[in-house]
Amino acid sequence: MSVWLFYHFGVPADPEGMWDSGAVDPPEEEGRTFMQVLSEKYSPENFPYRRWPGMGMVVVPTLPQGSPLKDRLNLPSVLVLAGCGISHAGEQREIAAFCAHVMELDLSLNKLQDWHEISKIVSNIPNLDFLNLSSNPLSEVVLEPSGAKAFARVRRLVLNNTQVSWNTVLVLTREMPELEELFLCLNEYTTVSASTVPCPTLRLLHITDNNLQEWAEVRKIGPMFPGLETLVMSNCNLSSIQDSEEMLRRLFPNLRSINLHNSGLNRWEDIEKLNQFPKLEDVRLQGIPLLQTYTNTERRSLMVAHLPSVSSLNGSVVTDGEREDSERFFIRYHVDYPEEELPYRYHCLVTKYGKLEPLAEIDLRPRCHAKVEVHCEDKVEEVSIRLDQTVAELKKQLRTVVQLSANQMRLYYIDKECVFGPEEMKYHTRALHSYSIQDGDELLVVPKAGRGTTTTAKPLSNLNSKTLTPPP
């Protein structure tokens with residue numbers, strides 16, 4: 001058991017039994033090797049054999065005599081060893097023997113703080129395509145160019161929350177001729193250094209949640225990655241875009257998508273400068289100071305009108321119909337602006353559509369109230385009624401007006417424009433809005449007659465002076 005503990009967990013043997021219950025606590029684990037964790041997690045007991053794509057490859061390597069590893073592991077081509085306390089590589093011959101087929105490796109949330117140990121792992125996985133080193137403490141570690149050569153075959157590299165220095169990033173990109181995707185989020189960058197050796201293969205750069213406020217720093221990224229197609233730098237507090245139109249066209253000649261969510265942009269001139277990126281078609285711009293005072297409809301319409309070449313805004317496709325509506329909205333929105341305050345885009349759109357008059361404001365919302373005349377015997381009183389209530393509820397409202405209880409009144413609706421006369425409102429659950437009541441219409445309240453008697457209402461002008469005698 002002592003030997004097994006040493007080989008598999010890096011814990012020394014305990015012949016004296018000092019770590020038994022009641023003795024002193026064992027020393028804190030200093031870290032484990034890549035191969036120790038691999039053999040534990042993917043042993044046949046913990047990771048049974050499976051036959052689905054990328055899973056279940058049984059490896060039976062030729063290992064040195066006396067190796068503590070079992071002679072077989074069920075290793076998939078995607079290894080996830082996150083948060084396992086790994087700090088060292090372990091035996092390189094064993095890594096090479098077991099991991100020749102591995103294509104993706106997640107080593108995030110471990111204790112790796114030596115590029116030499118990381119290089120030993122990576123150099124022995126010849127088909128490695130994706131490597132995640134997020135949340136490993138790499139802030140004060142120097143990477144030599146010779147060590148970076150081990151990453152030459154990696155195409156996707158994740159270094160989020162490692163605080164890796166920008167100089168280390170440059171060392172890596174110079175030695176990674178196939179690099180296509182690079183993730184550098186949460187690394188507290190405030191500046192970046194220009195590179196004399198570009199990385200033309202990079203297509204996607206995630207550099208969110210840093211503090212790149214100045215465009216002078218962002219502009220260095222363009223020459224460094226001339227083939228860049230997607231730039232994601234949300235939550236970076238970028239304050240403005242300051243280069244000339246010609247310079248912007250040269251900086252990012254292949255950029256198709258940019259994400260500037262929660263940046264500090266506060267001028268429409270900055271938005272218009274995005275039009276200078278010749279291939280830009282996807283823009284994400286939410287949570288910026290410029291848009292805070294606008295409604296949701298105004299935000300999208302004004303943004304679409306400002307970005308004529310963009311086909312996707314904040315993840316939603318911009319259709320031809322939406323673009324035309326937005327551009328017409330843009331003209332009308334600025335119709336009352338002084339000439340000197342009109343944006344350049346306004347004049348372009350007026351050339352296209354002409355000067356447009358404001359749209360007529362038509363309120364299509366259903367009416368909520370109406371003012372009606374309530375007639376009861378000799379009394380006439382103007383009352384405001386809610387149209388979302390029922391006939392029964394209206395009768396309760398009228399009790400104080402006519403001094404009758406609800407079950408003592410008959411209620412008639414008189415539409416002044418209708419030639420058919422009064423309509424008795426006898427269905428208690430019917431909503432008032434279904435009668436199409438308008439301001440100025442009349443309600444006639446007739447007290448119910450006692451048994452054996454008849455009540456006659458006074459003539460009303462809109463009843464053609466006829467007497468309304470309700471049935472008993």
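Note that the numbering runs from 1 along the sequence shown for the chain.
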Novice: Holding to side chain to side chain contact (heavy atoms under 4.5 Å, CB included), I want the full list of residues that pass it with Thr295, two or more places apart in sequence or in another chain.
Specialist: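 Result, side chain to side chain contact (heavy atoms under 4.5 Å, CB included) vs Thr295: Thr297, Glu298.
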Novice: Restricting to salt bridge (Lys or Arg N to Asp or Glu O under 4.0 Å), what partner residues turn up for Lys352, sequence neighbours left out?
Specialist: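 Scan of Lys352 (salt bridge (Lys or Arg N to Asp or Glu O under 4.0 Å), adjacent residues dropped) gives Glu327.
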Novice: Under 4.0 Å between a side-chain nitrogen and a carboxylate oxygen: does that hold for Lys120 and Glu117?
Specialist: yes
Novice: Verify whether one side chain among Ser165 and Asn167 offers a donor that lies under 3.5 Å from an acceptor in the other.
Specialist: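 No donor-acceptor contact under 3.5 Å links the two side chains.
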Novice: Mind checking what makes ring pair (Phe, Tyr, Trp, His ring centres under 6.0 Å) contact with Tyr353, not counting sequence neighbours?
Specialist: none
Novice: Answer with yes or no whether the side chains of Asp106 and Ser108 bring together a donor and an acceptor at under 3.5 Å.
Specialist: yes
Novice: What pairs meet the ring-ring contact (aromatic ring centres under 6.0 Å, His included) rule with one or both residues in residues 229-251, with sequence neighbours excluded?
Specialist: none
Novice: Which residue in the set Thr208, Asn262, Asn210 passes side-chain hydrogen bond (donor to acceptor under 3.5 Å, both in side chains) when paired with Asn235?
Specialist: Asn262
Novice: Applying side chain to side chain contact (heavy atoms under 4.5 Å, CB included), name anything that partners Pro226, two or more places apart in sequence or on another chain.
Specialist: Pro198, Pro200
Novice: Does anything in residues 132-153 form a salt bridge (Lys or Arg N to Asp or Glu O under 4.0 Å)? List the pairs, not counting sequence neighbours.
Specialist: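 Output for this query lists Lys149-Glu175.
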Novice: Checking side-chain polar atoms at under 3.5 Å, does Asn237 have a donor or acceptor matched by the opposite partner on Asn211?
Specialist: yes
Novice: My understanding is that only one of Asn136, Val37, Ile118 makes a side-chain contact (heavy atoms from CB on, under 4.5 Å) with Asn110; could you say which?
Specialist: Asn136
Novice: So that I can tick it off, tell me whether Lys371 and Asp439 are bridged by a salt bridge, with the cut-off set at under 4.0 angstrom between side-chain N and carboxylate O.
Specialist: no
Novice: Identify every side-chain donor-acceptor pair in residues 214-223 under 3.5 Å, counting partners at least two apart or on other chains, and give the distances.
Specialist:
unit_1: Trp215; atom_1: NE1; unit_2: Asp243; atom_2: OD2; d: 2.7
unit_1: Glu217; atom_1: OE1; unit_2: Val192; atom_2: N; d: 3.0
unit_1: Glu217; atom_1: OE1; unit_2: Lys220; atom_2: NZ; d: 3.0
unit_1: Arg219; atom_1: NE; unit_2: Asp243; atom_2: OD1; d: 3.4
unit_1: Arg219; atom_1: NE; unit_2: Asp243; atom_2: OD2; d: 2.9
unit_1: Arg219; atom_1: NH2; unit_2: Asp243; atom_2: OD1; d: 3.4
unit_1: Lys220; atom_1: NZ; unit_2: Val192; atom_2: O; d: 2.9

Novice: For a 4.5 angstrom cut-off between non-hydrogen side-chain atoms, does Val232 reach His261?
Specialist: no
Novice: Would you say Gln397's side chain and Ser384's backbone share a donor-acceptor pair under 3.5 angstrom?
Specialist: yes
Novice: Do any side-chain atoms of residues 305-313 form donor-acceptor pairs under 3.5 angstrom with protein atoms, and if so which ones, sequence neighbours left out?
Specialist:
unit_1: His306; atom_1: ND1; unit_2: Glu272; atom_2: OE2; d: 3.3
unit_1: Ser311; atom_1: OG; unit_2: Glu281; atom_2: O; d: 3.3
unit_1: Ser312; atom_1: OG; unit_2: Asp282; atom_2: OD1; d: 3.3

Novice: By salt bridge (Lys or Arg N to Asp or Glu O under 4.0 Å), which residues pair with Asp325, not counting sequence neighbours?
Specialist: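 Once residues adjacent in sequence are excluded, Asp325 has no partner under the salt bridge (Lys or Arg N to Asp or Glu O under 4.0 Å) criterion.
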Novice: Got a sec, which pairs hit salt bridge (Lys or Arg N to Asp or Glu O under 4.0 Å) with one end in residues 188-210, sequence neighbours left out?
Specialist: Arg203-Glu229
Novice: Check Glu246 with Arg250, please: is the shortest side-chain N to carboxylate O separation under 4.0 Å?
Specialist: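 Looking at Arg250 and Glu246, the cut-off is met.
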Novice: I'd like to know if the side chain of Arg299 and the backbone of Tyr294 have a donor-acceptor N/O pair within less than 3.5 Å.
Specialist: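 Yes, the answer is positive, given that a donor and an acceptor are paired below the 3.5 Å cut-off.
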Novice: side-chain hydrogen bond (donor to acceptor under 3.5 Å, both in side chains): which pairs involve residues 328-341, sequence neighbours left out?
Specialist: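 Matches after skipping sequence neighbours: Glu324-Arg328.
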Novice: Identify, with sequence neighbours excluded, every residue that meets side chain to side chain contact (heavy atoms under 4.5 Å, CB included) alongside Ser195.
Specialist: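 Scan of Ser195 (side chain to side chain contact (heavy atoms under 4.5 Å, CB included), adjacent residues dropped) gives Leu170, Arg174, Val197, Met224.
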